[in-house]
Amino acid sequence: MKLRMVLLALTICLLALSGCAGRATGDPITDAEAPDWGLTLTAQDVTPTGMTLAWTLEDMSIARDLMTGAAYELQVNRSGKWYRVGYKPSLIDRAWPSVGLGFFAGSGSWEINWENLYGKLPRGTYRIVKEIMMRRDTGGYDASLLYAGFVIG
C-alpha cells in the first residue's frame, strides 16, 4: 500500500513539473483578417522544443516600415479550432525583451526555442503567432498577426 502511495505521489509531482506543455487553454481563438503586406512566415526544422522561423518579404519598398518584436505565442489545433498553448506553471508571469526586429533583407530567419516557456510539445498541429507592425506615414503603427503552422509528429 505504501508503495502505491509513493508511486501516486511521484506521478502527481512529475505531472506538475511537466507543466501544461501542448495543452489547450481558454476559449477557441477567432482569427482576424490580416492585411496583405507581402510578408510570409514559415516554420522550418521543427522539433518538440523549437524551430527556425523563416520569413520572406515580397515588396522591399515597404521593408523599412515593417517591424516585429521578440514576443510570440504558440497555439494548438483541437478539432479544427485554435487554442493557446499553456505556459509552464512557473512562467505564468513572463516577460519579453523590448526589441524591434526589422525586415531589411528579402528574407531571413530567427531561431526560436520555446522549451523554457512551454516545455517539450507533444504530437500535434500547432502554429506560432507573431505580431507584425507597419509604420504609418502619419505616425503610429497598424498591427496584424501572422501565423506559421507546423506539425510535431
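Just so we're clear, the structure is a prediction, and the values are computed from it rather than from any experiment.
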Exercise. Any Lys/Arg nitrogen of Glu73 or Arg84 sitting under 4.0 Å from an Asp/Glu carboxylate oxygen of the other?
Worked result: yes

For this session: Could you go through the side-chain contact (heavy atoms from CB on, under 4.5 Å) check for Trp55 and Thr40 one step at a time?
Result: CA-CA 5 Å; Trp55 57 268; Thr40 304; over 6 Å; no

Exercise. Would you say the side chain of Leu146 lies within less than 4.5 Å of the side chain of Leu39, judging by non-hydrogen atoms?
Worked result: yes

Exercise. Would you call Trp37 and Met134 a side-chain contact if the rule is heavy atoms closer than 4.5 Å?
Worked result: yes

For this session: Please name the residue in the list Val76, Asn77, Val151 that meets the side-chain contact (heavy atoms from CB on, under 4.5 Å) test with Tyr126.
Result: Val76

Problem set entry | CG (Asp36) with more than 12 external heavy atoms under 6.0 Å | no

For this session: Take atom CD of Gln44 as the centre, draw a 6.0 Å sphere, and report whether it contains more than 12 heavy atoms from other residues, nucleotides or ligands.
Result: yes

Return the [atom1] to [atom2] distance between [X] and [Y], rounded to the nearest 0.5 Å.
X	Y	atom1	atom2	value
Thr52	Glu111	OG1	CD	3.5 Å
Glu115	Leu121	CD	CG	9.5 Å
Leu53	Trp110	CG	CH2	6.5 Å
Leu41	Thr68	CG	OG1	8.0 Å

Where do [X] and [Y] come nearest, in terms of heavy atoms and distance?
X	Y	value
Ala143	Met133	CB-CG, 4.1 Å
Ile152	Pro48	CD1-CA, 3.7 Å
Leu66	Phe103	CB-CD1, 3.6 Å
Trp114	Thr47	CZ2-O, 3.4 Å
Tyr118	Gly86	CD2-O, 3.6 Å
Phe150	Ile128	CE2-N, 3.7 Å

Exercise. Quick check: does any side chain N or O of Lys130 sit under 3.5 Å from a backbone N or O of Ala71, one acting as donor and the other as acceptor?
Worked result: yes

Problem set entry | Exam field: side chain Arg127 to backbone Ala148, donor-acceptor pair closer than 3.5 Å | no

Problem set entry | Intermediate values then yes/no, side-chain contact (heavy atoms from CB on, under 4.5 Å), Ile132 and Leu145 | CA-CA 6 Å; Ile132 309 297; Leu145 299 178; over 6 Å; no

For this session: Kindly determine whether Tyr147 and Gln75 satisfy side-chain contact (heavy atoms from CB on, under 4.5 Å), including the steps that lead there.
Result: CA-CA 10 Å; Tyr147 309 93; Gln75 297 176 357; 4.3 Å; yes

Exercise. Is Leu117 reachable from Val85 through a run of I, L, V, M, F, W or Y residues, each pair having side-chain heavy atoms under 4.5 Å apart?
Worked result: yes

Problem set entry | Tyr83 six-ring centre to Arg78 NZ/CZ under 6.0 Å and within 45° of normal | no

Seminar exercise, completed: Contacts of Asp65 meeting salt bridge (Lys or Arg N to Asp or Glu O under 4.0 Å) (sequence neighbours excluded), chain-then-number -> Arg135

Exercise. Given Glu131 and Tyr72, is the side-chain contact (heavy atoms from CB on, under 4.5 Å) satisfied, shown in steps?
Worked result: CA-CA 7 Å; Glu131 182 179 57; Tyr72 63 87; over 6 Å; no

Problem set entry | Within residues 138-153 or reaching into it, pairs that qualify as salt bridge (charged side-chain N to carboxylate O under 4.0 Å, His left out) - sequence neighbours excluded | Arg136-Asp142

